[in-house]
Amino acid sequence: MSDSKNNNSFFDMNWKHFEQLFNGKLPYPAPPLSGQNGDTVSWVEGYIKDVLNQALPNVEVQALKHHFHFEIFDTHNNIIVKIHIPDKEQARKIRLKLNPYQIRLEELPDDKIQAIRLSTQVVPSSCKAVYKNGILQIHIRKQPIDHPFLNVDIRFP
């Protein structure tokens, strides 16, 4: 068989019958027929919304829009967190809280809270935060790993 015939047999497959065998819609559309210029990526947004609605039926996708994209960088001695907050006025309203294990952003729109779990334990009192060019950058010193042994008194009743 020639390569062109193999490729055509792939496109000529009965995709509706294939979907029925798997009890539902495939995560991707049937490939466009030869000669058609269909947008093969437009289905992604709809598919993601469907998956979120099935996995989290009581959570609206719109509720997730108030959570900010963030990046965590782990250096030898520090943790650096970059939180993308494009609106400067919104950034001014946010309250930043920190404990040794996570960062919490409070007073987001609709009284939402966003928690960011840190990869290692940190020293909260070492935190420095600066907002610049749409990014809130947070520097925190890591908790030292070398835990010294402490003497423990033994009681004898």
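Keep in mind the model is a prediction, meaning the values are calculated, not measured.
When side chains are defined from C-beta on, I79 counts as touching I72, because their heavy atoms get closer than 4.5 Å. Taking 4.5 Å as the limit, some side-chain heavy atom of I80 sits within range of a side-chain heavy atom of T75. L136 has its side chain out of reach of I94: every pair of non-hydrogen atoms, C-beta onward, lies at least 4.5 Å apart.
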For this session: Let me see the working for N99 and V122 under side-chain contact (heavy atoms from CB on, under 4.5 Å), right down to the final yes or no.
Result: CA-CA 8 Å; N99 72 23; V122 296; over 6 Å; no
Problem set entry | Step-by-step side-chain contact (heavy atoms from CB on, under 4.5 Å) determination, I135 to I85 | CA-CA 6 Å; I135 296 175; I85 309 172; over 6 Å; no
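With sequence neighbours left out, the side-chain hydrogen bond (donor to acceptor under 3.5 Å, both in side chains) criterion links R141 to no other residue.
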Atom pairs and distances, donor-acceptor, side-chain atoms in residues 148-157, under 3.5 Å, two or more places apart:
none

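Separation of atoms CZ (F73) and CD1 (I138) is listed at 12.5 Å; rounding is to 0.5 Å. How far CD1 of I83 is from CD of E71: 10.5 Å, rounded to the nearest 0.5 Å. Interatomic distance, C127 SG to L98 CG, rounded to the nearest 0.5 Å: 5.0 Å. For the atom pair OG1 of T120 and CG of D74, the computed distance is 5.0 Å after rounding to the nearest 0.5 Å.
In the hydrophobic clustering (ILVMFWY side chains linked at under 4.5 Å, chained through shared members), I113 stands by itself. Hydrophobic cluster of V130: no remaining members, since no ILVMFWY side chain lies below 4.5 Å from it.
The backbone N or O of K142 sits nowhere less than 3.5 Å from a side-chain atom of Q121 that would complete a donor-acceptor pair.
Pairs of residues two or more places apart, or lying in two chains, that qualify as ring-ring contact (aromatic ring centres under 6.0 Å, His included) and include a residue from residues 80-125 are H69-H84. Among residue pairs with one or both ends in residues 125-140, those qualifying as side chain to side chain donor-acceptor pair (under 3.5 Å) are Q137-H139; sequence neighbours excluded.
Closest heavy-atom contact between K97 and E106: CE-OE1, 3.2 Å. When all heavy atoms of I140 and V123 are compared, the closest pair comes out as CG2-O, 3.5 Å. Shortest non-hydrogen contact noted between P100 and P124 is N-CG, 3.7 Å.
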